[in-house]
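Values reported hereafter were calculated over all heavy atoms of this structure, with side chains retained and with hydrogens, waters and symmetry mates removed. Letters A, B, ... are given to chains in the order of the sequence lines, protein chains preceding strands, and every chain is numbered from 1.
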Amino acid sequence: MTEHDIDGLTEEQAKTLLESLSQELAAANTAYHSEDAPKIDDASYDAKKRLNAAIEAKFPHLKREDSPSDQVGAAPSVGFGKIKHAVPMLSLANAFTDEDVYAFADRVAKFLGVDVTHLQFTAEPKIDGLSLSIRYENGHLVYAATRGDGETGENVTNNVRTITDIPNQLSNAPEVLEVRGEVYMSHADFVALNAKQEKAEQKTFANPRNAAAGSLRQLDASITKSRPLRFFAYALGAQSAPLADTQLGTVATLKSLGFSTNSLMQVFENVADMVDHYRHIERSRADLGYDIDGVVYKVDALDLQARLGFRSTTPRWAIAHKFPAETAWTRLREIEIQVGRTGALSPVARLEPVNVGGVLVSNATLHNEDYIKGLDSKGNPIRGGKDIREGDLVQVYRAGDVIPKVADVDLSQRTELEPFDFERKLEELNIPGHRKPGDAVWRYAGDEPMDEVAIEALKHFVSRGAFDIEGLGAKQIEMFFSDPDLPIRHPADIFTLQHRDAQNIPKLANRTGWGERSALNLFQAIEDKRQIELHRVIFGLGIRHVGESAAKVLAQSFGSWENFRASMAAALPGTPERAELEGIDGIGPVMAESVVAAFQSPQAAEKIDELANHLSIKPAEQLGQSDSPVAGKTLVFTGTLVKMTRSEAKARAESLGAKVAGSVSAKTDLLIAGPGAGSKAKKATDLGIETIDEDQWIELISDQ
DNA sequence: GATCCTCGAGTTCA
DNA sequence: CTCGAGGATC
């Protein structure tokens, strides 16, 4: 029941309800605080609290001594609110070798069109903690948020206010200032905290990072206050005025504003010195007193950072030079085959569980057949050309501290093991598969689609970039897929779930593990997604080669579902529709074929249309809402550009909402022609397309 | 036709 | 996070 249907409640019922709610909420609170993991999800906790409050409002005299409404620490809505970052908190690209670092510097120089010797970079330790963004307005701390997915983080303001390294007030600060940095715990504090926890028979932490994370995510700020959290400031997010014109200057100003900054940050004139500094920091790693996992290099000049801008998930002007990962030796029990949503058959190593850098690892990816054989995609040997066999003693590491991989094989421990035969394994498992010449992956080749593929496709459909249906995750999908009463076999089935449940005799709400509330929550979450953005639908279809990015390009290009749908039906090879599809920037022949093919079989088309009928698909918002004169225009650059490089000009134009094409056509709005422009300029003149030179171009975008 | 850049798909554990 | 591969560029 919810707070909306307490009308008919008798006093007796209300009393009983209040009692049970009080108990449930108290238990949930304890679970949350002591184990750092809630027993019930936030939504149901909130619902219970609201119900409790509603009953208390109607029967004030029944309010209990131990009413959950009066509990401190659980006062606000449970969990943490979400905060959308004004400037996204991106992750960094990684370098694992010195060569990667040199390549990074060269890339930067090339993008800017300068010689690499003219560039300066900062180098600083990469703290192994949690990134945090703290917003100050007129010198007052207004909120602090974790990184989250980079777009949206958790509101941890109350906890952050208790961290002594972080000022609550700033003097002489600009109107708006978002300070970014890393929350961490020192080795000494970590050891002391664990000793204290043990004494109090509380849970201990595996490493300082986890301890810092656990401490920051306390619902009760007084617990956070008791934890020895520290903070290094290293960058800015949104800002009403810049603090300096270099990275180093920014950090120096942050220090003068009262923040802790890392003393090992330095500026270097050349890459060799940067790499030396990396070695220096690596050698002193054990003596620093806190965990670091590498060194971060950044282009020092902020105006150059601005010119470099961002790739889809990382800034172009920074890179993290990571320390070698921790490794561990263990026995490889067996190689299993997993099936992905596209029918890809991927080998996975089942391992004797082993601790790698504080995490128990029992699986490792083996990528594909060649990787097991010890070859990379070009046929070059990896791991010294050693193959991997079932039963081998293998060295495991976590690539990027996340994904377990096999680094090495101990051949001296190998006796009478057969080389792994991928094809024979598939035969044993009775999986029909084939590997196209030139491809690395084996794919499922049976006539009937495998259940595993359908399940993975459904998981993709409800995943975050697609429909993102709350309460319908991987686990629920697996349950519903083979459910006898309420099956979900296709995406469209999700949107008939509530209706079908209503017709059924056994109701979802009566199942074990479910209740009235959780069933309604699920149905509501599904209802919420009936109105959905076009790109989410296209992405959710799970068409091969069409990921989130391509889905957005397609949505933007076709504007509406009807438009897109009609074009897919028509765009057979050789038609004008196909030419138009392939003409879209970012869509080539392979993707065009793949996306059109997805609509060609009558069965597939029927399923897609059935799904669309359940939805109200929002047309794509036209990009380039910026008032830039080039917003929404299609531009072509030709000839030599002097003031900025081609890629820079392209990135800049796109950030202003323009589309940059490679060649002049009737759809081109503007040609920017540098010296040496040839056939493109002529064609533009012939077509009557406006042509400007580079100076006019810079003039055009200068006041943006 | 080769090379660079980016995206897509698959991967682990908590 | 990594690898493979598609698309754009030179």
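- Atom pair A:E369:CD and C:dG4:P shows a separation of 13 Å (rounding to whole Å applied).
- Rounded to an integer number of Å, the gap from A:Y371 OH to C:dT2 P is 11 Å.
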Which letter, B, S or -, goes with each nucleotide of nucleotides 8-14 of chain B from 5' to 3', with contact meaning a protein heavy atom under 4.0 Å?
SSSBBS-
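- Ion pairing between A:R333 and A:E390 fails under the 4.0 Å rule for side-chain N and carboxylate O.
- Salt bridge A:R435/A:E423: absent, no basic N to carboxylate O contact under 4.0 Å.
- In this structure, A:R341 does not pair ionically with A:E452, as no charged nitrogen and carboxylate oxygen lie closer than 4.0 Å.
- Between the NZ atom of A:K126 and the C1' atom of C:dC1 there is a distance of 13 Å, given to the nearest Å.
- Distance CZ (A:F96) to P (C:dC1): 7 Å, rounded to an integer number of Å.
- Salt-bridge check for A:E334 with A:K425: passed, with a basic side-chain N closer than 4.0 Å to an acidic carboxylate O.
- Atom CZ in A:R435 sits about 10 Å away from atom P in C:dG4, given to the nearest Å.
- The side chain of A:R316 approaches B:dT6 more closely than any other nucleotide in the set B:dT6, B:dC5, C:dG7.
- Contact annotation: A:N368 side-chain N/O to C:dC3 OP1/OP2 distance is not under 4.0 Å.
- Classification of A:E326 and A:R398 as a salt-bridged pair fails, no side-chain N sitting under 4.0 Å from a carboxylate O.
- Atom CD1 of A:I319 is separated from atom C1' of B:dC5 by 14 Å (rounded to the nearest Å).
- The CD1-C1' distance, from A:I372 to C:dC3, rounds to 14 Å in whole Å.
- A straight line from OH of A:Y397 to C1' of C:dT2 spans 8 Å, rounded to a whole angstrom.
- Classification of A:R209 and A:D291 as a salt-bridged pair fails, no side-chain N sitting under 4.0 Å from a carboxylate O.
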